[in-house]
Amino acid sequence: MTLADSAIRWYEENARDLPWRQPDTSAWAVLVSEVMLQQTPVVRVEPAWRAWMNRWPTPADLAVDPPSEAIRMWGRLGYPRRAMRLHACAVAIVERHGGRVPDDLDQLLALPGVGTYTGRAVATFAYGQRHPVVDTNVRRVVCRAVEGKPDAGPNTTTADLVAMEALLPEEPAVAAKASIAFMELGAIVCVARAPRCVDCPFEQVCAFRQSGEAIPAGPSRKPQRYAGTDRQVRGLLLEVLRNATAPVPRQRLDTVWVDDVQRARALAGLVEDGLVEPLDSDADRFVLAGDHPPRFPTLL
DNA sequence: GACCCGTGGTC
DNA sequence: TGACCAAGGGT
């Protein structure tokens, strides 16, 4: 039995029942879930995904609303640039593809916010095509089971795609199942810090398990600080703007962080990124990108 | 390749 | 409690 067969058999018995895995899930719904899942845990994505899909069932529904609404609906999922890119993605899908999420990988990869992982995930899970789908979970599972190393590098490389390709069954539908099975295995069994090898279908064949080595202490990736960074300040500024029902005066934003230089840099960064706009009429007040009446009827 | 980009949960 | 981590993408 191949690794893929073994993984699929395990998946059939142990997969989580996630809403975007239902057979009738639209390609748009899959795309939204994949973007939300970029660096955000499943437990926080699930309610946000339901609310998002309820409000914007199709790309066209989202495309007619301003980016500010997407940023608000994003809530506290983190990395709000993803919300903006998802909005831009909806616009691009309407403009380039008549409102239908493309099934061609190159067209998917050309969409805002869709990279190597997400493009392949949509082509595979929404359209049933045969592509290697390599995320951090797959990389870790393959790295351990096949190469016998405790952890993979931080980024997906061509070599990772080639390695996974070699493990895929020929039949596209089976290959898709294998990819989701490898991902699920990495997410709930072959986890980064304390893998549950006794529950793993690869236990008897895993090269790393056979080596008898332990997972080295210390970070498997470069540690990422948050406290005191521009990211934290951006988060504080955006929280105020998200919750605002009227344009926010600069003085209000000045209260979120004491360091003038860093606060100004963070605000400029948000404007640069297109998340926030100064009001045309009044450069001393700010709104989320695209915020306009009727949300702010006083501006009329 | 290195670095930037949020947020909250776990141990 | 601070370090580590979570289905990446863009520059």
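Given the structure is predicted, the values throughout are model-derived calculations rather than measurements. Proteins come first, then strands; the chains are lettered A, B, ... in the order of their sequence lines, and each starts at number 1. Just the heavy atoms: all of them, side chains too, but no hydrogens, waters or symmetry mates, feed the values below.
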Looking at A/R242, does any N or O in its side chain come under 4.0 Å of the phosphate oxygens OP1/OP2 on B/dT7? yes

A/D160 has an atom CG; how far is it from atom P of B/dG1, in whole Å? 11 Å

Which part of the nucleic acid, if any, lies within reach of A/R76 when heavy atoms closer than 4.0 Å are counted: base, sugar-phosphate only, or nothing? sugar-phosphate

At under 4.0 Å between heavy atoms, what does A/T118 touch on the DNA or RNA strands: base, sugar-phosphate, or nothing? sugar-phosphate

Nearest-Å distance, CD (A/Q232) to C1' (B/dC4)? 15 Å

Answer for the Watson-Crick or wobble partner of B/dG1, both distances under 3.5 Å, is none

Gap in Å between the two P atoms, one belonging to B/dG6 and one to C/dT11, rounded: 14 Å

Reckon A/R44 touches a base, only the sugar-phosphate, or nothing at all at heavy-atom distances under 4.0 Å? base

Checking contacts here: which listed nucleotide (B/dC4, C/dA7, C/dA6) is nearest the side-chain heavy atoms of A/N137? C/dA7

Listed nucleotide nearest any side-chain atom of A/R82, set C/dC4, C/dA7, B/dG6: B/dG6

Base, sugar-phosphate alone, or nothing: which one does A/Q224 contact when heavy atoms must sit under 4.0 Å apart? base

Does a nitrogen or oxygen in the side chain of A/Q39 sit under 4.0 Å from OP1 or OP2 of C/dA6? no

First encountered from the 5' end of DNA chain B, between A/T157 and A/R231: A/T157

Provide, to the nearest angstrom, the distance between the CE atom belonging to A/M84 and the P atom belonging to C/dG10. 11 Å

Base, sugar-phosphate, or nothing: which does A/W20 touch, judged by heavy atoms less than 4.0 Å apart? base

Between CD of A/E272 and C1' of B/dC4 the distance, given in whole Å, is 13 Å

Contact class for A/T229 vs. all strands (heavy atom < 4.0 Å): base, sugar-phosphate, or nothing? nothing

Categorize A/R16 for me: base, sugar-phosphate, or nothing, with a 4.0 angstrom heavy-atom threshold over every strand shown. base

Polar side chain donor-acceptor pair, A/R82 to A/T40, under 3.5 angstrom: yes

The residue, A/R81 or A/T40, whose nearest nucleotide of DNA chain C is more 5′ is A/T40

Both A/L111 and A/A187 contact DNA chain C. Taking the nearest nucleotide for each, which residue is further toward the 5' end? A/A187

Tell me whether A/R209 contacts the main-chain N or O of A/V198 through its side chain, where contact means a donor paired with an acceptor under 3.5 Å. no

Would you call A/E203 and A/R196 a salt bridge, using N to O less than 4.0 angstrom? no

Is A/D291 paired with A/R72 through a side-chain N to carboxylate O contact shorter than 4.0 Å? yes

Look at all strands and tell whether A/L77 reaches a base, only sugar-phosphate, or nothing, counting heavy atoms closer than 4.0 Å. base

Could you tell me whether A/E13 atom CD has more than 12 heavy atoms of other residues or ligands within 6.0 Å of it? no

Figure out the CZ/C1' separation between A/R225 and B/dG6, and round it to whole Å. 17 Å

Between CG of A/L31 and C1' of C/dG8 the distance, given in whole Å, is 13 Å

Quantified in whole Å, what is the P atom distance between nucleotide B/dA2 and nucleotide C/dA7? 22 Å

Would you mind classifying the nucleic acid contact of A/V35 as base, sugar-phosphate or nothing, using non-hydrogen atoms under 4.0 angstrom? nothing

Which nucleotide in C/dA6, B/dG6, C/dG8 has an atom nearest any side-chain atom of A/A192: C/dA6

Taking the ring centre of each residue, are A/F202 and A/F182 less than 6.0 Å apart? yes

Counting just side-chain N and O atoms, does A/R193 come under 4.0 Å of either OP1 or OP2 of B/dC11? no

Respond yes when some side-chain nitrogen or oxygen of A/R140 is under 4.0 Å from OP1 or OP2 of C/dC5, and no when none is. no

Any salt bridge linking A/R21 with A/E184? Criterion: basic side-chain nitrogen under 4.0 Å from a carboxylate oxygen. yes

Has A/Y226 got a side-chain N or O lying under 4.0 Å from the OP1 or OP2 atom of B/dT7? yes

Describe the nucleic acid contact of A/L18 in one word from base, sugar-phosphate, nothing, applying a heavy-atom distance below 4.0 Å. base

Indicate, with a heavy-atom threshold strictly under 4.0 Å, whether A/G78 touches base, sugar-phosphate, or nothing. base

Rounded distance (Å) that lies between atom P of C/dG10 and atom CG of A/L275: 15 Å

Please report the distance, rounded to the nearest Å, between CZ in A/R234 and C1' in B/dC4. 9 Å

What is the nucleic acid contact for A/D230, judged by heavy atoms within less than 4.0 Å: base, sugar-phosphate only, or nothing? sugar-phosphate

No-hydrogen, no-angle side-chain donor-acceptor test under 3.5 Å, A/Y117 and A/E34: yes

